[in-house]
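Notes follow the structure.
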Amino acid sequence: MKLRNIIEASKYDASKIQMKQWFIQCITKYFPQHKSDLGNDWEMPTFLIKTHKSRAGWFQCSFKGDIVVNPVITVNPNFVHSTARNIVFHETIHYVQANTFGNRKYSMMANGGHDSFFIEMMNKINSGEGQGFVTVKQDTQQLSG
């Protein structure tokens with residue numbers, strides 16, 4: 001592996017660790033009923049920092065039946081030092097949706113998964129973190145430039 005690739009791969013290691021801490025903070029504070037599921041019934045997500053021309057962050061997973069496998073929360077590097085915590089909290093709601101609703105219901109969600117459950121959880125988080133902390137649009141923000 002070239003030195004440049006090694007440097008690029010490790011460039012955001014501290015940020016990925018911080019993303020995991022924010023994820024655990026969100027689960028602990030706003031989804032305490034699911035905290036014990038982490039590492040047991042629910043797989044801990046992988047945290048990535050990856051460029052996308054029109055997304056600030058996104059959640060992806062696969063399903064084995066109705067079980068979530070390979071969950072990934074990704075944040076665009078343009079947002080790592082500004083709103084990454086907000087984005088991680090937003091994507092954590094999608095993670096909880098996928099794990100609680102299972103493949104059939106999760107894959108059928110309209111509006112990118114921003115259903116009534118998402119809105120309810122967004123409002124719950126905003127009541128603790130501040131109005132507008134989590135928004136519906138956080139995973140589809142247009143990048144300036």
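Each residue takes its place number in the sequence, starting with 1.
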Side-chain donor/acceptor pairs under 3.5 Å, residues 127-134, sequence neighbours excluded:
unit_1 : atom_1 : unit_2 : atom_2 : d
S127   : OG     : K124   : O      : 2.6
E129   : OE1    : R85    : NH1    : 3.2
E129   : OE1    : R85    : NH2    : 3.0
E129   : OE2    : K29    : NZ     : 3.1
E129   : OE2    : Y30    : OH     : 2.6

Legend entry - Set of residues satisfying side-chain contact (heavy atoms from CB on, under 4.5 Å) with respect to Q18, sequence neighbours excluded: Q21, W22

Inset, instruction - Quick one: pull up OG1 in T92 and CD1 in I24 and give me the separation to the nearest 0.5 Å. - result: 10.0 Å

All N/O donor-acceptor pairs, side-chain side in residues 32-41, below 3.5 Å, sequence neighbours left out:
unit_1 : atom_1 : unit_2 : atom_2 : d
H34    : ND1    : D37    : OD2    : 3.1
N40    : ND2    : S36    : O      : 2.7

Inset, instruction - Would you give the length of the straight line joining atom CG of N78 to atom OG1 of T83, rounded to the nearest 0.5 angstrom? - result: 10.0 Å

Legend entry - Heavy-atom check, side chain of N99 versus side chain of F31, under 4.5 Å: no

Legend entry - Same apolar cluster (I L V M F W Y, side chains within < 4.5 Å links), L48/F23: no

Inset, instruction - To the nearest 0.5 Å, tell me how far I93 CD1 sits from F89 CZ. - result: 9.5 Å

Inset, instruction - Could you walk me through whether V136 and I119 pass side-chain contact (heavy atoms from CB on, under 4.5 Å), step by step? - result: CA-CA 8 Å; V136 168; I119 300 297; 3.6 Å; yes

Legend entry - Note, I125 side chain near C26 side chain (heavy atom, < 4.5 Å): yes

Inset, instruction - Would you name the heavy atoms of S15 and V80 that are closest together and state the gap between them? - result: OG-CG1, 3.3 Å

Inset, instruction - Can you sort out the partners of N123 under side chain to side chain donor-acceptor pair (under 3.5 Å), two or more places apart, ordered by chain and number? - result: none

N/O donor to acceptor pairs below 3.5 angstrom from side-chain atoms of residues 60-74, sequence neighbours left out:
unit_1 : atom_1 : unit_2 : atom_2 : d
Q60    : OE1    : W58    : NE1    : 3.4
D66    : OD1    : N103   : N      : 2.9
D66    : OD2    : R104   : NH2    : 2.7

Legend entry - Sole residue of T46, I49, I87 in side-chain contact (heavy atoms from CB on, under 4.5 Å) with M19: I49

Inset, instruction - Nearest 0.5 Å please: distance from the CE atom of M121 over to the OG atom of S116. - result: 9.5 Å

Legend entry - Point-to-point distance, once rounded to the nearest 0.5 Å, from OG of S54 to CG of N76: 9.0 Å

Legend entry - Straight-line distance of Y95 OH to E43 CD, nearest 0.5 Å: 8.0 Å

Inset, instruction - Would you please name every residue forming a ring pair (Phe, Tyr, Trp, His ring centres under 6.0 Å) with F118, sequence neighbours left out? - result: H90, H94, H114

Inset, instruction - Verify side-chain contact (heavy atoms from CB on, under 4.5 Å) between N126 and T135, making sure each step is shown before the conclusion. - result: CA-CA 9 Å; N126 287 342; T135 67; 5.9 Å; no

